[in-house]
Colleague: 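What follows is a structure written as structure tokens; I'll ask about it next.
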Number of protein chains: 2
Amino acid sequence: MARPRTPLLSRERIVVTALRLIDDEGLDALSTRRLATELSVSGPSLYNHFATKDELLDAVVDSVIGEVDLSMFGPVRAAGPAGAAGSSGALGPAGAVAAAGEAWTPWPEALRDWARSYRAALAAHPNIVPVLAQGPGRRPNALRLADAVFGHLVEAGWPRGQATRIGALMRYFVTGSALASFAAGFPADAEVYDAADYPHLGEAHRLAGHRGTVDEGAFETGLEALLDGLALRFERLAPRP
Amino acid sequence: MARPRTPLLSRERIVVTALRLIDDEGLDALSTRRLATELSVSGPSLYNHFATKDELLDAVVDSVIGEVDLSMFGPVRAAGPAGAAGSSGALGPAGAVAAAGEAWTPWPEALRDWARSYRAALAAHPNIVPVLAQGPGRRPNALRLADAVFGHLVEAGWPRGQATRIGALMRYFVTGSALASFAAGFPADAEVYDAADYPHLGEAHRLAGHRGTVDEGAFETGLEALLDGLALRFERLAPRP
DNA sequence: ACCTGAACACCGTTCAAGT
DNA sequence: ACCTGAACACCGTTCAAGT
């Protein structure tokens with residue numbers, strides 16, 4: 001067949017199919033040959049659209065990050081020619097509000113909403129989290145996310161150094177919670193938990209059955225604890241009369 | 001040569017060499033053939049000691065978890081015939097103290113010390129964290145860790161459901177922080193951070209250079225925030241007069 | 001019991017060849 | 001420009017053969 005008049009593949013079709021394969025069968029199931037079969041082409045065809053498998057994985061990861069809601073951090077900058085509506089010079093909340101006519105969300109609330117959306121996006125595709133957790137790299141959506149969080153915290157009054165740390169620690173917590181289910185990590189087989197070896201794990205075999213609620217509860221508890229702890233720190237920073 | 005009179009391999013030698021390979025060259029560099037070469041044997045020899053590569057990886061992971069300090073949670077139960085000194089039935093701190101003659105560490109302090117040791121052990125081998133984060137499975141050291149944390153929290157007065165969530169959220173945070181450096185995830189190349197696209201990331205190219213302090217600072221900030229937030233919750237739970 | 005080489009069904013990637 | 005088959009240097013694992 002050689003070259004068809006209308007291309008059989010596109011980057012988007014490849015990315016979507018790769019993500020589905022990773023979701024359904026795990027990261028190890030994604031081989032270039034298997035993916036090509038899934039797309040009804042031969043293996044090397046993929047190299048017309050991605051230079052390496054790593055570049056393909058990068059695109060898959062960024063498509064997942066793109067699902068994270070960032071609207072709580074203020075006006076979304078257009079992907080096209082930026083700068084026109086740019087509030088890049090804004091030094092505080094007042095500036096952002098004035099520029100966009102949008103309500104400015106207090107940082108704890110914004111952080112909470114964002115963390116939930118972030119976790120939801122990642123938890124929908126847990127098998128790819130180890131790749132994504134390696135950092136933003138040069139992926140546009142990941143950089144946009146980092147920019148939005150950092151910018152909002154600084155505009156809210158956090159010193160830049162602290163804002164960096166908060167961005168980091170929030171990512172630690174969210175990626176850690178999305179990487180794997182805590183509950184499902186404990187085998188459902190009761191015989192694993194010999195009372196002589198593990199005196200407190202007598203009920204651990206039930207965890208996997210309550211996977212959803214356990215993990216969700218742990219995430220929410222941790223998120224609230226983090227925000228409470230950060231609020232204490234923020235008050236110490238800028239004491240209110 | 002066939003079978004030598006003294007075995008060329010042992011599980012421990014294989015595990016140690018595998019971990020070194022993973023640390024030095026990444027998880028992908030660990031192939032059974034490459035590992036065998038490193039051990040001066042042929043590939044299939046490994047299968048006399050581990051049934052599969054996954055079983056080998058499990059052993060490597062558990063050896064890393066074994067480095068985590070659990071002494072702050074009280075007397076270490078002997079690996080041999082347990083039960084003799086067993087405080088398995090202890091319902092509170094007083095019981096543990098009496099049984100072992102050891103000081104009982106308040107839960108926030110114990111949790112802090114443990115989290116630091118946990119992170120240090122994992123951060124020393126970041127390339128294997130994705131494997132380890134999948135949960136304790138049937139690995140003895142991982143189960144021992146879960147047992148110690150949960151047991152201590154319950155003895156400290158946390159309801160069992162809350163204790164489970166705290167164990168989970170602490171693991172989220174620690175594994176997330178050890179999985180990858182936040183700072184190193186941002187390319188050191190300043191040209192990545194176009195001001196039109198990412199107005200707040202103008203200094204992000206400097207992050208990688210301060211990798212150690214940024215990640216350490218973020219971990220410590222997050223840990224203190226978590227503990228502060230949990231302390232608030234604990235007070236609400238059992239209000240002091 | 002513990003090691004070997006040969007073999008099987010896989011990998012990621014390159015490249016010349018086709019339209 | 002975009003697809004193909006053939007080829008290269010790899011994989012994890014099985015198995016019969018050796019001592």
Side-chain angles (χ1 to χ4, degrees), chain A residues 1-62 127-128 130-132 134 137 139, chain B residues 1-62 127-128 130-132 134 137 139:
Chain A
M1 161 198 306
R3 175 162 106 93
R5 59 198 66 177
T6 160
L8 298 176
L9 296 176
S10 68
R11 284 177 67 102
E12 204 204 328
R13 204 163 85 81
I14 296 171
V15 165
V16 167
T17 307
L19 182 56
R20 183 165 48 73
L21 194 51
I22 291 169
D23 286 343
D24 291 349
E25 309 187 30
L27 199 54
D28 288 341
L30 184 82
S31 74
T32 55
R33 292 165 128 105
R34 172 72 195 281
L35 176 57
T37 303
E38 215 80 19
L39 291 159
S40 306
V41 297
S42 81
S45 301
L46 300 171
Y47 289 85
N48 286 295
H49 302 269
F50 295 97
T52 62
K53 187 185 173 183
D54 273 354
E55 195 185 297
L56 160 59
L57 264 182
D58 244 36
V60 173
V61 162
D62 213 42
N127 294 334
I128 209 176
V131 185
L132 159 164
Q134 296 306 313
R139 299 188 300 265
Chain B
M1 160 197 309
R3 175 160 106 97
R5 59 198 66 177
T6 159
L8 298 175
L9 296 175
S10 69
R11 284 176 66 101
E12 204 204 327
R13 205 163 84 81
I14 296 171
V15 165
V16 168
T17 307
L19 182 56
R20 184 165 48 69
L21 195 50
I22 291 169
D23 286 343
D24 292 350
E25 309 188 29
L27 199 54
D28 288 341
L30 184 82
S31 73
T32 56
R33 292 166 128 106
R34 171 71 194 282
L35 176 57
T37 303
E38 215 79 18
L39 290 160
S40 306
V41 296
S42 81
S45 302
L46 300 171
Y47 290 83
N48 286 295
H49 303 268
F50 294 96
T52 62
K53 188 185 173 184
D54 273 354
E55 194 184 298
L56 160 59
L57 263 181
D58 245 35
V60 173
V61 162
D62 213 42
N127 294 335
I128 209 175
V131 185
L132 158 164
Q134 297 307 312
R139 299 189 299 264

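Lettering follows sequence order; numbering is per chain, from 1.
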Colleague: Testing the basics here: between B/L39 and B/R13, what is the closest heavy-atom pair and its distance to 0.1 Å?
Modeller: O-NH2, 3.5 Å

Colleague: Taking atom CD of B/E12 as the centre, report whether more than 12 heavy atoms of other residues, nucleotides or ligands fall under 6.0 Å from it.
Modeller: no

Colleague: How long is the straight-line distance from CD1 of B/I128 back to CG of B/L57, given to the nearest 0.5 Å?
Modeller: 5.5 Å

Colleague: Between B/F50 (CZ) and C/dA1 (P), how many Å, whole number?
Modeller: 18 Å

Colleague: Specify the separation, in whole Å, of atom CZ of B/R5 and atom P of C/dT4.
Modeller: 16 Å

Colleague: For B/L39 and C/dT4, what is the distance between atoms CG and C1' respectively, to the nearest whole Å?
Modeller: 16 Å

Colleague: Counting only side-chain N and O atoms of B/S45, is one of them less than 4.0 Å from OP1 or OP2 of C/dC3?
Modeller: no

Colleague: Can you check the B/R3 CZ to D/dT19 P distance for me, whole Å?
Modeller: 13 Å

Colleague: State which residue, out of A/L19, A/L46, A/V41, fulfils the side chain to side chain contact (heavy atoms under 4.5 Å, CB included) condition with A/I14.
Modeller: A/L46

Colleague: If a protein heavy atom is under 4.0 Å from the base, mark B; if only from the sugar-phosphate, S; if neither, -; do that for nucleotides 7-15 of chain C going 5' to 3'.
Modeller: B---BBBBB

Colleague: Run A/V15 and A/F50 through side-chain contact (heavy atoms from CB on, under 4.5 Å) and show every step you take.
Modeller: CA-CA 10 Å; A/V15 165; A/F50 295 97; 3.9 Å; yes

Colleague: Would the number of heavy atoms belonging to other residues, nucleotides or ligands and lying under 6.0 Å from CG of B/D28 be above 12?
Modeller: no

Colleague: Among C/dT4, C/dC2, D/dC2, which is the nearest nucleotide to the side chain of B/V41?
Modeller: C/dT4

Colleague: It should be established whether B/H49 places a side-chain nitrogen or oxygen under 4.0 Å from OP1 or OP2 of nucleotide C/dA1.
Modeller: no

Colleague: How long is the span from the CD atom in A/E25 to the CZ atom in A/R34, to the nearest 0.5 Å?
Modeller: 4.0 Å

Colleague: Report the secondary structure of DNA chain D in dot-bracket form, marking unpaired bases with a dot and bases paired to a different strand with |, and treating Watson-Crick or G-U pairs with both distances under 3.5 Å as paired.
Modeller: ||.|||||...|||||.||

Colleague: To the closest 0.5 Å, what do you measure between CG (A/N127) and CG (A/D24)?
Modeller: 9.0 Å

Colleague: Specify the separation, in whole Å, of atom CZ of A/R11 and atom C1' of D/dA1.
Modeller: 15 Å

Colleague: Is there a donor-acceptor contact under 3.5 Å from the side chain of B/D62 to the main chain of B/A59?
Modeller: no

